[in-house]
Amino acid sequence: QVQLVESGGGLVQAGGSLRLSCAASRSIFSLNAMVWYRQAPGKQRELVAGVTTTGRTNYADSVKGRFTISRDSAKNTMYLQMNSLKPEDTAVYFCNTALGVGRGSWGQGTQVTVSS
């Protein structure tokens, strides 16, 4: 089983930026579509961004133009660059594989808090 560890969250003012990292325990990007989800208090977990095995990216409308998903295969790490952050971006952010989402298997996530 692939282990994924999120990091890079923190407290940032509205308009600021953060880069989240998702470190994988082995090389997986050629075989696995990758996703970032987030969950705000009292809300369902929602898909934020995804990248396919061929590098095609997709974003939720709420973050389009502000967030960028990317992968570094050499480092077995996926990133979520978050710019122009808004208070409504406050949530715990999770990375996962498509298969992990299907299994309902989630890690600890990393907390992002955006102050106004």
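Index from 1, following the sequence.
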Does some side-chain heavy atom of T52 sit less than 4.5 Å from a side-chain heavy atom of T57?
no
Between atom CH2 of W36 and atom OH of Y59, what is the distance when rounded to the nearest 0.5 Å?
12.5 Å
Under 3.5 Å, which donor-acceptor pairs do the side chains of residues 16-34 form with other protein atoms, sequence neighbours left out?
from, atom 1, to, atom 2, distance (Å)
S17, OG, N83, OD1, 2.9
S25, OG, Q3, N, 3.0
N32, ND2, I28, O, 3.0

Which pairs, with at least one residue in residues 40-94 and sequence neighbours excluded, count as a disulfide (SG to SG under 2.5 Å)?
none
For T68, does its backbone N or O pair with a side-chain atom of Q81 as donor and acceptor, under 3.5 Å?
no
Residues passing the side-chain contact (heavy atoms from CB on, under 4.5 Å) test with R66, sequence neighbours excluded, are V63, S84, K86, D89
Results of side-chain contact (heavy atoms from CB on, under 4.5 Å) for T53 - residues two or more places apart only
none
Nearest atoms (heavy-atom pairs only) where P87 meets A14
CD-CB, 4.1 Å
Contacts of E46 that satisfy salt bridge (Lys or Arg N to Asp or Glu O under 4.0 Å) - sequence neighbours left out
R38
Which pairs with one or both residues in residues 90-100 pass salt bridge (charged side-chain N to carboxylate O under 4.0 Å, His left out), sequence neighbours excluded?
none
ILVMFWY cluster membership beyond L47 - transitive side-chain contacts under 4.5 angstrom
V35, Y37, V92, F94, V101, W106
State, to 0.1 Å, how close Q1 and S105 come at their nearest heavy-atom pair, and which atoms those are.
OE1-OG, 4.2 Å
Do Q13 and V114 have side chains that approach each other closer than 4.5 Å (heavy atoms only, starting at C-beta)?
no
For A49, does its backbone N or O pair with a side-chain atom of N58 as donor and acceptor, under 3.5 Å?
no
Counting only heavy atoms from other residues, nucleotides and ligands, does the tally under 6.0 Å from CD of Q108 exceed 12?
no
Can you list every pair that meets salt bridge (charged side-chain N to carboxylate O under 4.0 Å, His left out) and has a residue in residues 101-111, with sequence neighbours left out?
none
Are any non-hydrogen side-chain atoms of V51 and M78 less than 4.5 angstrom apart?
yes
Name all residues meeting the side-chain hydrogen bond (donor to acceptor under 3.5 Å, both in side chains) criterion together with Q111; count only those two or more places apart in sequence or in a different chain, and write none if there are none.
T113
Who clusters with L11? Use side-chain heavy atoms, under 4.5 angstrom, across I, L, V, M, F, W and Y, and order the result by chain and number.
none
Through direct or indirect side-chain contacts below 4.5 angstrom among Ile, Leu, Val, Met, Phe, Trp and Tyr, which residues connect to V5?
none
Partners passing salt bridge (Lys or Arg N to Asp or Glu O under 4.0 Å) against K64 (at least two apart in sequence or in another chain)
D61
Transitive ILVMFWY side-chain link I69 to V2, under 4.5 Å:
yes
